[in-house]
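Just below is one structure, and these are the notes that go with it.
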Amino acid sequence: VAQGPGMNRTPLSRLVLLLAIGFPVTGAAVENFAVEVLAGRAKHEASLGLFQPSVDEDDTSLGIRGTWQLSKHWGFDLSYNDFGEANDTTRDSAGDAIEFSLKGSAVELNLNGRMFLVDRLALIGRMGVSRYDSEISIGTFSDDDDGYSLVLGAGIQYGFTDHFFSSVDYSWRDLSGGSLDALDFDSYDLINLTVSLGYRF
C-alpha cells in the first residue's frame, strides 16, 4: 500500500501529532498551568493495635506538583510525594529489640481554592483523593499496603514575579484504609509539611 506524504512517522511523532490534534493548547491554557518542586518533613503516626508496635517518627519528603487554574480562585492539582521512611525500635516478649520501619508514597488529585490577602499573597485550601502505597517492616517480616484516602491541606503562597512563586503547605491523610496480608493498621496518620518553589507558565 502506498503511503502519502507524512505517513511514514515514528511512534513518537505520531503521539505528538495526536496530542496536538486531540488536545490543542491555547495560550490562555498554558498561562493557567504551574509546576512546583516540594521538599519538607513527613510525620508518620501509625499503630497496629494491642501488643503490636507503633511508630511516631518523621523523615524528609520530596514531591512534584502540577496545577491548572480554572479561575483566579479555583483550580486542580496533581502531585506525587515520597514521604520517606520512619524508623523505630520495639521489643518482643523476650525483651529483644526488633527494628520497625514504615515508608510510603502517593499520587494525589486535589481541588484547590485561593483567597488573596494582597495581590501576590494567597491562602490556599486543598481537598482531594490520595492513591497511596506503603511498606511496613517488623524485624524480618515486611509487606506492602495500598489504598485510597481523603487528603486535606492548607497553605500560603507568595508570588515573587508573574512566573516564580513559593508555597508553604500542610496536609493530612489517613492511610489505614488498606489491608496487609498479615496485619491491619489500627491507625496511620501521615502529616506532610512542605516548602515549594514553583514556576507559572
Side-chain angles (χ1 to χ4, degrees), residues 33-48 52-67 75-91 97-112 114 121-160 163-178 180 183 185-200:
F33 182 75
V35 62
E36 296 171 80
V37 177
L38 305 94
R41 301 293 289 181
K43 186 175 182 63
H44 301 252
E45 297 180 344
S47 172
L48 290 165
Q52 295 290 343
S54 60
V55 64
D56 185 358
E57 299 291 334
D58 57 78
D59 195 14
T60 300
S61 66
L62 297 172
I64 187 168
R65 178 167 61 207
T67 301
F76 290 96
D77 55 69
L78 179 67
S79 65
Y80 170 79
N81 287 282
D82 183 336
F83 299 118
E85 182 174 0
N87 297 286
D88 206 348
T89 302
T90 186
R91 295 190 179 276
I98 300 176
E99 294 298 320
F100 176 87
S101 70
L102 191 61
K103 58 184 177 181
S105 61
V107 175
E108 299 176 337
L109 178 64
N110 290 293
L111 172 67
N112 68 64
R114 299 165 186 262
L121 184 66
L123 298 178
I124 301 176
R126 287 186 172 89
M127 181 174 67
V129 62
S130 172
R131 174 61 172 86
Y132 66 85
D133 290 287
S134 61
E135 181 181 335
I136 184 173
S137 298
I138 305 174
T140 58
F141 169 83
S142 65
D143 206 348
D144 296 325
D145 191 28
D146 58 71
Y148 292 89
S149 172
L150 173 70
V151 182
L152 297 174
I156 188 167
Q157 184 179 101
Y158 179 74
F160 301 110
H163 296 288
F164 289 98
F165 62 92
S166 182
S167 301
V168 177
D169 292 290
Y170 173 94
S171 59
W172 167 89
R173 70 275 298 148
D174 176 8
L175 306 191
S176 64
L180 295 163
L183 297 167
F185 287 108
D186 269 7
S187 64
Y188 183 1
D189 293 327
L190 198 149
I191 297 167
N192 197 25
L193 180 63
T194 61
V195 176
S196 72
L197 181 62
Y199 182 81
R200 185 173 293 105

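For the numbers below, each heavy atom of this structure counts, side chains included, while hydrogens, waters and symmetry mates do not.
Considering only heavy atoms from C-beta on, Asp146 comes within 4.5 Å of Arg131 through its side chain. Counting heavy atoms from C-beta outward, Ile64 and Val35 have side chains that approach closer than 4.5 Å. Inter-residue side-chain proximity for Asn81 and Ser61 is flagged as unmet; no heavy-atom pair is nearer than 4.5 Å. Glu36 has its side chain within reach of Ser167: a pair of non-hydrogen atoms, C-beta onward, lies under 4.5 Å apart. Within the 4.5 Å cutoff, the side chain of Asp174 has heavy atoms near those of the Asp189 side chain.
Qualifying side chain to side chain contact (heavy atoms under 4.5 Å, CB included) partners for Leu121, counting only residues two or more places apart in sequence or in other chains: Leu117, Val118, Ile156, Tyr158. In terms of the side chain to side chain donor-acceptor pair (under 3.5 Å) criterion, Ser105 has no residue partners (sequence neighbours excluded). Looking at residues two or more places apart in sequence or on another chain, you find no side chain to side chain donor-acceptor pair (under 3.5 Å) involving Glu45. Applying the side chain to side chain contact (heavy atoms under 4.5 Å, CB included) criterion to Asp82, with sequence neighbours excluded, gives Tyr80. Judged as a side chain to side chain contact (heavy atoms under 4.5 Å, CB included), and not counting sequence neighbours, the contacts of Asn112 are Thr67, Gln69, Asp77, Arg114, Ile124, Arg126. Scored by the side chain to side chain donor-acceptor pair (under 3.5 Å) test, Thr194 finds no partners at all (sequence neighbours excluded). By the ring pair (Phe, Tyr, Trp, His ring centres under 6.0 Å) test, Phe164 pairs with Tyr199, sequence neighbours left out. For Asp56, the salt bridge (Lys or Arg N to Asp or Glu O under 4.0 Å) partners two or more places apart in sequence, or in a different chain, are Lys43. Shown here are the side chain to side chain donor-acceptor pair (under 3.5 Å) partners of Glu57, two or more places apart in sequence or in another chain: there are none.
At distances below 3.5 Å, at least one donor-acceptor pair connects side-chain atoms of Asn110 with backbone N or O atoms of Gly128.
Summarising the geometry of His44 relative to Phe83, their closest heavy-atom pair is NE2-O, 3.0 Å, with the distance given to 0.1 Å. Listed here is the closest heavy atom pair of Asn87 and Ser101: OD1-CB, 3.2 Å. Asp169 and Arg65 get closest at one heavy-atom pair: OD2-NH2, 2.9 Å. Here the closest heavy-atom approach between residue Tyr188 and residue Leu102 is recorded as CZ-CD2, 3.4 Å. Here the closest heavy-atom approach between residue Tyr132 and residue Tyr148 is recorded as CE2-N, 3.6 Å. Smallest separation of non-hydrogen atoms from Leu38 and Ser196: CG-CB, 4.0 Å.
Once rounded to the nearest 0.5 Å, the distance linking CG of Leu190 with OG of Ser130 reads 8.5 Å.
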Start with the C-alpha distance between Asp59 and Glu85, add both sets of side-chain angles, then the distance that settles side chain to side chain contact (heavy atoms under 4.5 Å, CB included), and finish with yes or no.
CA-CA 6 Å; Asp59 195 14; Glu85 182 174 0; 4.0 Å; yes

Can you list the steps and then say if Leu197 with Val37 is a side chain to side chain contact (heavy atoms under 4.5 Å, CB included)?
CA-CA 6 Å; Leu197 181 62; Val37 177; 5.6 Å; no

Dump the intermediate steps for side chain to side chain contact (heavy atoms under 4.5 Å, CB included) on Asn192 and Arg41, then the final yes or no.
CA-CA 6 Å; Asn192 197 25; Arg41 301 293 289 181; 5.9 Å; no

